[in-house]
Q: 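To start, I am sharing the structure in question, which I have written as structure tokens.
Note that this is a predicted model, so its numbers are computed, not measured. Below, chain A is the first sequence line, B the second, and so on; all start at residue 1.
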Amino acid sequence: MAMTMTQKILAAHAGLPSVSAGQLIEANLDLVMGNDVTSPVAIHEMEEKGFHKVFDNEHIALVMDHFTPNKDIKSAENCKKVRTFAKDYGIRNFFDVGQMGIEHALLPERGLVISGDVVIGADSHTCTYGALGAFSTGVGSTDMAAGMISGKAWFKVPSAIQVVVTGKPQKYVTGKDVILHLIGKIGVDGARYRSLEFTGDGLQSLSMDDRFCIANMAIECGAKNGIFPVDEKTLAYMKGRTSREPVIYEADADAPYDEVVTIDLNTLKPTVAFPHLPENTHTIDEIERIDIDQVVIGSCTNGRIEDMRAAASVLKGRKVADGVRCIVIPATQTVYLQCIEEGLTKAFIEAGAIVSTPTCGPCLGGHMGILASGERAVSTTNRNFVGRMGDPTSEVYLASPYVAAASAVTGHISSPAELD
Amino acid sequence: MKIQGKVHKYGDHVDTDVIIPARYLNTSDPKELAAHCMEDIDKDFVKNVKPGDILVAGVNFGCGSSREHAPIAIKASGIACVIAENFARIFYRNSLNIGLPILECPAASKAIRDGDEVEVDFDTGVIRNLATGESYQAEPFPPFIQNIIQKGGLLASLK
């Protein structure tokens, strides 16, 4: 029976010759991930219920990235709990301040996820690793605990939407614009419970950082996972990062899809999602003047090196507008160092932006840039729900690093083309 | 197993950031979380909710973050069951895993009003609106899910 790419990976990890949509399966996990918000709950659950062993101390990753460097005593206690657990159980991939980066940028960078893997993570943006041709999905803390104990998780095999990408993006159009466009088209529940399987010759012109960004936001249309075929770019990215052998799965030519959605990259424009849902998208040319108070450039969605380069290309030699706070957060220590080596950090600071150590921070209203009542931010993050970045009356506009940086310069939501 | 309670009604796409804002995620204590449940869309929820009450909402309830703190906050606030047209998938899994009963029922989601008194039978999936006399049929939980709910969560059911 013909299968989607996702179904083939799940079948292989369940030890089954084939699976079909709706089937309940138990799959072996290649990695179980958690952070400083979700892991303490999982650890508490495990220990309270009397489990004192993990299935494997190498295939668990614990990343202290949300409220770190710790913003208050309670967050510090949470990290301490995870740190102690990691030590007691000999967890090899424990990333504390100094090594940590934002989980979904860090794990691929460290080669901890590769093509063909099945990964669960107690964070909804775990779907990011679909960019590598892996099946990865977000779960809660209890599933994380069960995964750490057993190395397995149960899944309902998803059906899929095929997203056919053609053409080439224009200047200033990035992966962020592709995924915002898609979410605007199908809605925040358009792919609920299903896979998004990307295909088409347009993928050639999307870099790995574009693909990470696109897969990252699959959850924002409700998808269980978003997945890309493995090509030479994927293989080049993984080279030197892992000693494991990637396994390449391909969807069958006659794989069953619930729907087919097409995206012509030629026609896309920089896109912005208005409050308070990621589906409220507008292209940059149809936006009236909207003044802003803050810009955030970073996150698991857009904190990678290409994002930093894009932002710096706009900010270099310019100034952040009076009355605007511009916060730049490279996603990992490696990206941070690259920013310094390439002179991007200098460009940010000279423009009047601040550059922070890696953290999820303001994306979820944690710390490092909380909004006051009525304030407005343009952010390269992934969610613009009520109260997401601070006060419930504040507003978040989601956009690419180019648009965010241009908006920082003008003080209102702007296209970088306006500055050319 | 049957429950009966007063309904707190909400709309579509109620996300986990409004169920429990991230500014409170520095704790996982159910009581502390419950004290802030729903506060960004309904400041009075915490004041009004009573043990055994029922939460009813529209489509895609629980979308967004994977934080298990969201169903924990709802359960600890006293809510005995959530009924929605449908749920976001991570929230759905998390709720059952911690033993919070949740039912998908479009008819009930549309017809039930804020403040109605409603009875839910988990064995049959029948939802009765005592205010109007109407009944709606939801898919009953299979035995293994009933077992998780009765034992109080997935890990407890594994022992």
Q: Report the option among B/Asp12, B/Val59, B/Leu25 that has the most heavy-atom pairs separated by less than 4.5 Å from atoms of chain A.
A: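 Winner by heavy-atom pair count: B/Leu25.
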Q: What I want to find out is whether B/Asp44 reaches B/Lys47 closely enough, with some N-O distance under 4.0 Å, to be called a salt bridge.
A: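 Yes, charged N to carboxylate O under 4.0 Å.
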Q: With a 4.5 Å cut-off on side-chain heavy atoms, are B/Glu104 and B/Phe87 touching?
A: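 Side-chain contact under 4.5 Å: yes.
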Q: Is A/Phe67 close to chain B through its backbone or its side chain, or both, or neither, when contacts mean heavy atoms under 4.5 Å?
A: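 When you check distances to chain B, only side chain atoms of A/Phe67 fall under 4.5 Å.
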Q: Roughly how far, to the nearest 0.5 Å, is CD of A/Glu48 from CE of A/Met46?
A: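 Rounded to the nearest 0.5 Å, the CE-CD separation comes to 12.5 Å.
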Q: Between A/Arg388 and chain B, which part of the residue has a heavy atom less than 4.5 Å away: side chain, backbone, both or neither?
A: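 Both backbone and side chain of A/Arg388 come within 4.5 Å of chain B.
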Q: Counting heavy-atom pairs under 4.5 Å with chain B, which one of A/Lys49, A/Met144, A/Glu220 comes out on top?
A: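 Of A/Lys49, A/Met144, A/Glu220, A/Lys49 has the most heavy-atom pairs under 4.5 Å with chain B.
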Q: Given that the side chain runs from C-beta out, which part of B/Phe91 has a heavy atom under 4.5 Å from chain A: side chain, backbone, both or neither?
A: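 Nothing of B/Phe91, per the 4.5 Å heavy-atom cut-off to chain A.
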Q: Heavy-atom pairs under 4.5 Å with chain A - which of B/Cys63, B/Ala88, B/Gly64 has more of them than the others?
A: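 Option with the top pair count is B/Gly64.
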Q: So, the side chain of B/Asn97 versus the backbone of B/Leu154: is there a donor-acceptor pair under 3.5 Å, distance only?
A: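 Not a single qualifying donor-acceptor pair exists.
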Q: Would you say the side-chain atoms of B/Lys9 pair up with the backbone N or O of B/Ser109, donor to acceptor, closer than 3.5 Å?
A: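 Pair found, side chain donor or acceptor close to backbone of B/Ser109.
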Q: In terms of heavy-atom pairs under 4.5 Å with chain B, which of A/Gly387, A/Gly138, A/Ser75, A/Ala76 leads?
A: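 Answer, by heavy-atom pair count under 4.5 Å with chain B: A/Gly138.
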Q: If the plane angle is over 60° it's perpendicular, under 30° parallel, otherwise tilted; pick one for B/Phe45 and B/His8.
A: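 The arrangement is perpendicular - the two ring planes meet at more than 60°.
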Q: Only pairs of heavy atoms separated by less than 4.5 Å count here; which of A/Glu45, A/His44, A/Lys224 has the most with chain B?
A: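 Going by pairs under 4.5 Å, I would pick A/Lys224.
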Q: What verdict does the salt bridge (Lys or Arg N to Asp or Glu O under 4.0 Å) test give for B/Lys6 and B/Glu117, after you've listed the backbone C-alpha separation in whole Å, the side-chain angles of each residue and the deciding distance to 0.1 Å?
A: CA-CA 5 Å; B/Lys6 202 178 110 184; B/Glu117 191 73 16; over 6 Å; no
Q: Hey, which of A/Thr38, A/Val41, A/Thr126, A/Ile370 has the most heavy atom pairs under 4.5 Å with chain B?
A: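 Highest number of heavy-atom pairs under 4.5 Å: A/Val41.
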Q: Quick check against the 3.5 Å criterion: does A/Thr381 have a side-chain atom that pairs as donor or acceptor with the backbone of A/Cys363?
A: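 Absent.
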Q: Is it the case that A/Thr137 and B/Arg89 place a side-chain donor and acceptor less than 3.5 Å from each other?
A: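 A pair is found: one side chain offers a donor N or O, the other an acceptor, under 3.5 Å apart.
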Q: So which part of A/Asn70 gets closer than 4.5 Å to some heavy atom of chain B, the side chain, the backbone, both or neither?
A: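 For A/Asn70, no heavy atom lies under 4.5 Å from chain B.
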Q: Can you say whether A/Ile219 sits under 4.5 Å from chain B via the side chain, the backbone, both, or neither, judging by heavy atoms?
A: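 Side chain only.
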Q: Measuring heavy-atom distances to chain B, does A/Ile149 have an atom under 4.5 Å in its side chain, in its backbone, in both, or in neither?
A: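 It is the side chain, since no backbone atom gets that close.
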Q: Name the region of B/Asn94, side chain, backbone, both or neither, that has any atom closer than 4.5 Å to a heavy atom of chain A.
A: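 Just its side chain gets close to chain A.
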Q: Side chain, backbone, both or neither: which part of A/Asn78 has a non-hydrogen atom closer than 4.5 Å to chain B?
A: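 For A/Asn78, the side chain is the part near chain B, not the backbone.
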